[in-house]
Amino acid sequence: MNSHESITAPLSARRRTWNGAVRALLYAAAALICALLVFLIGYILYRGVPNLSWQFLSSEESVINDIEGILPSILNTLYVIVATLIFILPLGVGSAIYLTEYATNKKLVSVIEFATETLSGMPSIIFALVGMMVFCQAVGLGTSLLAGAFSLVMMTLPTIIRTTQESLKTVPQSYREGSLALGSGKWHMIRTVVLPSSIDGIVTGCILSIGRIVGESAVLMFTAGMGMRMAFGGDTVAKFLDNFFGAAGSTLTVSLYVYAKERADFDHAFAVAVVLLAIALVINLAAKLAGKKLKKN
Amino acid sequence: MTDKTIIEARDLDLYYSDNHALKGVSIAIPQHQITALIGPSGCGKSTFLKTLNRMNDLVPGVRITGTIEYNGEDIYGRDVDVTRLRKQIGMVFQKANPFPMSIYDNVAYGPRTHGIRGKAKLDAIVERSLRDAAIWDEVKDRLNKSALGLSGGQQQRLCIARALAVEPDVILMDESTSALDPISTSKIEDLAMELKSRYTVIMVTHNMQQAVRVSDNTAFFLLGELVEYGETERIFSHPQDKRTEDYITGRFG
């Protein structure tokens, strides 16, 4: 057992084959993933880009004038993203801070953590159903983008709480102690040391949430409507506000569904897909940039 | 020890849940001197140090009886503002813990926390603190660079500068040189000796040579008890307790 093997002796044939096989498998897996991604993006661009036009992006559809346009869907999408973020950012980051920095009842915290984890894994159609019953019906918002945004708040809140919590937990305890030992109050310590160090995680949470918002169809079909007409605007301020808060309509994802499944218009469905890809890309880049900026200050 | 007492603990008991970590500790710490707390791991010396700026408050399930007076006021009293206490009694930790910001912002952190604005004022405090911590010459050209790029010894001196910037009265050092090389260690020891003319320094150390080199008084802790306390020279030359003698002669530890 204790024989001295030369360190330059070649590996046994079995180990060499094993090493080779594992390496080949890992390469294959990586190559497959890359190929899939390239194929997916390539196919979407190939099918979608030829059908994109400035008119398609900048106008409202009109059957009489035979115009296809998704401007309302783009605006609806941005509306839903912003409306949802306005609620989930303070609520989600706030609860995460409470859970990790303030809550003293560890048992209760772990119960809440388990609950948020379960919630974040729930199928979105359930949020759709509940959102429709609660926000559209009981609260009386009717089918509207606002009701859709509230339903998405329910759906994405667990995600942003969990990701923020995870990043708060990675902030070394020594930073907190260092700050407190200098005579900081707790909130000052959190604001000046803990939050800046966990900004990456909060940005990640936002990106994930935006991704889910942009990609969501079920919830919005149930709560926000499927119309592709412009819901914003109005001649008077009162009317404008009324339309602004009561607007209903389809986001891009829902429009894609409408084009593909209700109209069998795949050309335009793919064009919408290209726009969705572009929006996702721009939002991710913007969030990353914002994170970097925030970190510097 | 006829000098003015700055901190005095009486019959201090501390429990971490069921663990009785400090047992009836009574000690009077003189102003403008260096007091070393020595003893084997787990003897309660760090725990005792952290009761002085109430950093133990952060530990769940901690319970304290007895009193600790700082300038005659009970630091566990009802009306005590912990942030004020910690401004007066600063701390340097075992492991250097600079914040992930620039060197300047690290030092300015405390003053800003306590409401000092104004660039000229902060500039002056930062320079003075870095000079006092004997690191000014090494960092004066890179004040806006991240503090995390400094070496371990420099980081620890930066942390000392950061503690000095809030103009504390007492500085607690919790094994602040244990992770450093000998050269950095001796720099920090020299620093401590210089600082004692203006500050009271209380240091926990594992290193008995360090206690001898640096401190005026030494307190020996064992199993949560303060076994012996007195002038360093006397403790190390004529320990009165058998347990102290065993420890300082290296029979256990």
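Proteins come first, then strands; the chains are lettered A, B, ... in the order of their sequence lines, and each starts at number 1.
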- [ ] Check I68(B), T51(B), V82(B), N53(B) against I75(B) for a side chain to side chain contact (heavy atoms under 4.5 Å, CB included) and give me the one that passes.
- [x] I68(B)

Open item on the list: Using the rule side chain to side chain contact (heavy atoms under 4.5 Å, CB included), only one of E175(B), H206(B), Q156(B) pairs with Q94(B); which is it?
Closed with: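 Per the side chain to side chain contact (heavy atoms under 4.5 Å, CB included) rule, the option paired with Q94(B) is E175(B), out of E175(B), H206(B), Q156(B).
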
TODO: Considering only heavy atoms, give the residues of residues 161-174 of chain B separated from chain A by less than 4.5 Å, sorted numerically, with 'none' for an empty result.
DONE: R162(B), A163(B), V166(B)

TODO: Quick one: pull up CD1 in I125(B) and CG in L130(B) and give me the separation to the nearest 0.5 Å.
DONE: 11.5 Å

Open item on the list: Can you tell me how far apart CG (N56(B)) and OG (S46(B)) are? Round to the nearest 0.5 Å.
Closed with: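 Answer for the CG-OG pair, N56(B) versus S46(B), is 9.5 Å.
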
Open item on the list: Is it the case that the ring center of H114(B) lies less than 6.0 angstrom away from the ring center of Y109(B)?
Closed with: no

Open item on the list: Any carboxylate oxygen within less than 4.0 angstrom of a Lys/Arg side-chain nitrogen, looking at E138(B) and K145(B)?
Closed with: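 Here E138(B) does not pair with K145(B) in a salt bridge, since their nearest N and O are not under 4.0 Å apart.
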
- [ ] Identify whether the distance between the nearest side-chain nitrogen and carboxylate oxygen of K186(A) and E101(A) falls below 4.0 Å.
- [x] no

Task: Interface residue of largest heavy-atom contact number with chain A, from G110(B), P98(B), P100(B), G90(B), under 4.5 Å - done: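 Most heavy-atom pairs within the cutoff with chain A belong to P100(B).
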
Open item on the list: Using heavy-atom distances under 4.5 Å, tell me whether Q173(A) contacts chain B through its side chain, its backbone, both, or neither.
Closed with: neither

Task: Heavy-atom contact with chain B under 4.5 Å, split by part of T104(A) - done: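 Contact with chain B involves no heavy atom of T104(A) at all.
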
- [ ] Test T205(B) against N207(B) for side-chain hydrogen bond (donor to acceptor under 3.5 Å, both in side chains), laying out the working first.
- [x] CA-CA 5 Å; T205(B) 179; N207(B) 179 333; 5.3 Å; no

Task: Top of S197(A), G185(A), S179(A) for chain B proximity - count of heavy-atom pairs under 4.5 angstrom - done: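 The option with the most such pairs is S179(A).
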
